[in-house]
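Just so you know, ligand 1 is whichever comes first in the structure, and atom 1 is the first atom listed for that ligand. Heavy atoms only: backbone and side chains are in, while hydrogens, waters and symmetry mates are out.
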Amino acid sequence: MSDATTNPAVTYSNYLKVDELLGLQQPRSAGPEHDEMLFIVIHQVYELWFKELLHELDLVLRLLMGDEPHKAQHTLKRILTILKVMVAQLDILETMTPLEFLSFRERLEAASGFQSDQFRQIEFVLGAKSATAIARFPEGSRARTALQKRYAEPTLWDAFLRYLAREGYSVPAAHLARDTSQAVEPSDEIQQILIQVYRNDSRNAELCERLVDLDEGIQEWRYRHVKMVERTIGTKQGTGGSGGAPYLARTLSRPVFPDLWEIRSKL
Ligand code: HEM
């Protein structure tokens, strides 16, 4: 048998699985309502960006653990560029008016971005670990397995502190050997070390600045998402069962790397 029979030539369509991809947008409304297509496409695009962000965040962790800060910074720059695109994409969904959303909202039943396991995975990698978030996913599901794996793993902040310790900074042992399934908490001792980094070590201070960029990027997404929610559903409850915009507003005051923000007023 020829190779061409067993292995058909690679084409744009079979490499990217275009037929499968285009079959994945399945509106639930009768008609269907025109705007439901945009709603589905934009959420699917976000899930793909979440996948790519996790792929790149995993690389940053490996690079920091392998003492390759320059490459880690390069990858962080890519992550920030993706985040900017992700924030900008909310503009598209904001062209949907409250009434256009209401035309199909009830067909979403209890479905909500609140149930995005990849978003929770990103939170876990960035230090916001939560056992409750895992328990929301069915036993044995892909989502739960992925979250359970990430729950125990070191966060980006753990990888960074271990890197700083290898760079000669006296990071306390309690931080280096902490239970990485717990959420990252602010620390005065770490802030003192970061102040030294900013004052005397421009190379690592630069790396810290990229982490602040990442933090700001995530906060920017959260802010733009809550504003979009306010203009689309006001203060109505979310389909996911939360209080809606007031719940989301509370997530705005939680930075990813609190120590990096705290030191700014101490420098
Ligand atoms: C009309 C558009 C949208 C509305 C009205 C909306 C509304 C909401 C609401 C009310 C919540 C709170 C949880 C709940 O009770 O449901 C939520 C959470 C969330 N949404 Fe959206 N959303 C919209 C678009 C999007 C898009 C495009 C994404 C992209 C994936 C997204 C991702 C998320 C995520 C990740 C959460 C969880 C946030 C957290 O717990 O910190 N949403 N959304």
Give the residue, atom name and distance (to 0.1 Å) of the protein heavy atom nearest [atom].
atom                    : answer
atom 35 (C) of ligand 1 : F119 CG, 3.3 Å
atom 13 (C) of ligand 1 : S242 OG, 3.3 Å
atom 26 (C) of ligand 1 : H43 NE2, 3.2 Å

As an exercise, identify every atom of ligand 1 less than 4.0 angstrom from a heavy atom of [X].
X    : answer
G240 : 14 (C), 15 (O), 16 (O)
M96  : 1 (C)
R222 : 41 (O)
Y46  : 27 (C), 29 (C), 30 (C)
T251 : 41 (O)
F101 : 5 (C)
L93  : 2 (C), 24 (C), 27 (C)
G244 : 10 (C)

**Item:** Value rounded to 0.5 Å, distance of CG in D213 from CG in L211
**Value:** 8.5 Å
**Inter-residue atom distance F137.CZ - Q148.CD, 0.5 Å rounding** = 11.5 Å
**Request:** Compare F39, Y247, W49, W221 and give the one whose heavy atom is closest to atom 40 (O) of ligand 1.
**Result:** Y247
**Asked** atom 37 (C) of ligand 1: which of E100, Q115, E230, R120 has the nearest heavy atom?
**Response** R120
**Prompt:** According to a 4.5 Å side-chain heavy-atom criterion applied to Ile, Leu, Val, Met, Phe, Trp and Tyr, with indirect links allowed, do Y151 and L57 form part of one hydrophobic cluster?
**Reply:** no
**Asked** Going hydrophobic residue to hydrophobic residue with side-chain gaps under 4.5 angstrom, can you get from I40 over to I92?
**Response** no
Looking only at the aromatic ring of each residue, does the gap between the centers of [Y] and [X] stay below 6.0 angstrom?
X    : Y    : value
F119 : Y46  : no
F257 : F160 : no
Y15  : Y12  : no

**Request:** For the pair E33 and R107, find out whether any cationic side-chain nitrogen is under 4.0 Å from an anionic carboxylate oxygen.
**Result:** no
**Request:** Determine the sole option in D58, T145, T180, T155 for which the side chain to side chain donor-acceptor pair (under 3.5 Å) test with R150 is passed.
**Result:** D58
**Message:** Under the rule for side chain to side chain contact (heavy atoms under 4.5 Å, CB included), what residues qualify as partners of P258, not counting sequence neighbours?
**Reply:** P186, P255
**Request:** Determine the minimum heavy-atom distance between A110 and Q115, stating which atoms define it.
**Result:** O-NE2, 2.8 Å
**Asked** For the salt bridge (charged side-chain N to carboxylate O under 4.0 Å, His left out) test, which of R78, K51, K77 pairs with E56?
**Response** R78
**Request:** Can you list, by chain and residue number, the protein N, O or S atoms under 2.8 Å from atom 21 (Fe) of ligand 1?
**Result:** H225 NE2
